[in-house]
Trainee: 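Below is a structure I'd like to ask you about.
Chain letters run A, B, ... following the sequence lines, proteins first and then strands; every chain starts at 1. These numbers were taken from a predicted model, which means no experiment stands behind them.
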Amino acid sequence: AQTIHQWPVAEIKAVGSPLSLGCTIKGKSSPNLYWYWQATGGTLQQLFYSITVGQVESVVQLNLSASRPKDDQFILSTEKLLLSHSGFYLCAWRDWGTSAETLYFGSGTRLTVL
Amino acid sequence: QQKVQQSPESLTVSEGAMASLNCTFSDGTSNNFRWYRQHSAKGLEVLVSIFSDGEKEEGRFTAHLNRANLHVSLHIREPQPSDSAVYLCAVSLQGGSAKLIFGEGTKLTVSS
């Protein structure tokens, strides 16, 4: 069975400080991976997606970047956090196994920028 | 731009009574429609995925899709207090990005 793990569970960071959030999926080779973001009280938005190692596509510009250093790893980062980066970050992978393809999400990282 | 709207904003039902949630979308050419559940800002749990008109059942959760009416609904049979959560409707756009457009959610409270 596939498992998706995000870290850290929660972060409290200062404005202007760097950030790195991680996501690892096990049990699935060459997964399509996605980063989603949910501002407090807002709707979920897709930020990035990656189909393969080393390849990342940006969907929404939020002064964040993403990298896919390994097949099973997806990293979200920035060198300087903004207050507007606060929210809930979710990593997801795409399952093609059924006729109705579905995204499965990790448990998320709660980020508070002060 | 696909727009997804959910109703009601919040819903309270008694344990055992049917709960019905609605979702309307603006572009009927979307591929897939999903219902997710989110407990207190935790990860999303997928409940039902549906891609053709009609009904799809997954346990106590049944989705109904009507593309002509730009409407997808979720019905929860015999809801329990543990079903209290925010329910999100998501519509996927065509293409490789698997971009999901989410509604703002319906907060369901099941009272015992």
Trainee: Sequence neighbours left out, what pairs pass disulfide bond (SG atoms under 2.5 Å apart) with at least one residue falling in residues 52-94 of chain A?
Mentor: C23(A)-C91(A)
Trainee: How about residues 103-112 of chain B versus chain A: which residues have heavy atoms under 4.5 Å apart?
Mentor: G103(B), E104(B)
Trainee: Would you mind checking which part of F33(B) comes under 4.5 Å of any heavy atom in chain A, side chain (CB onward), backbone (N, CA, C, O), both or neither?
Mentor: neither
Trainee: State which residues pass side chain to side chain donor-acceptor pair (under 3.5 Å) with H5(A); sequence neighbours excluded, sorted by chain then number.
Mentor: none
Trainee: With chain B, which of L44(A), T43(A), I4(A) has the greatest number of heavy-atom pairs at distances under 4.5 Å?
Mentor: L44(A)
Trainee: Answer yes when E45(B) and R37(B) have at least one side-chain N-carboxylate O distance shorter than 4.0 Å, and no when they do not.
Mentor: yes
Trainee: Under the 4.5 Å side-chain heavy-atom rule for ILVMFWY, direct or indirect, which residues accompany V9(A)?
Mentor: none
Trainee: Hey, are D27(B) and K3(B) close enough for a salt bridge, meaning a charged N less than 4.0 Å from a carboxylate O?
Mentor: no
Trainee: Is Y36(A) close to F88(A) at the side-chain level, that is, under 4.5 Å between some pair of heavy atoms?
Mentor: no
Trainee: Could you label the plane-to-plane angle of the W37(A) and Y89(A) rings as parallel, tilted or perpendicular, counting under 30° as parallel and over 60° as perpendicular?
Mentor: tilted
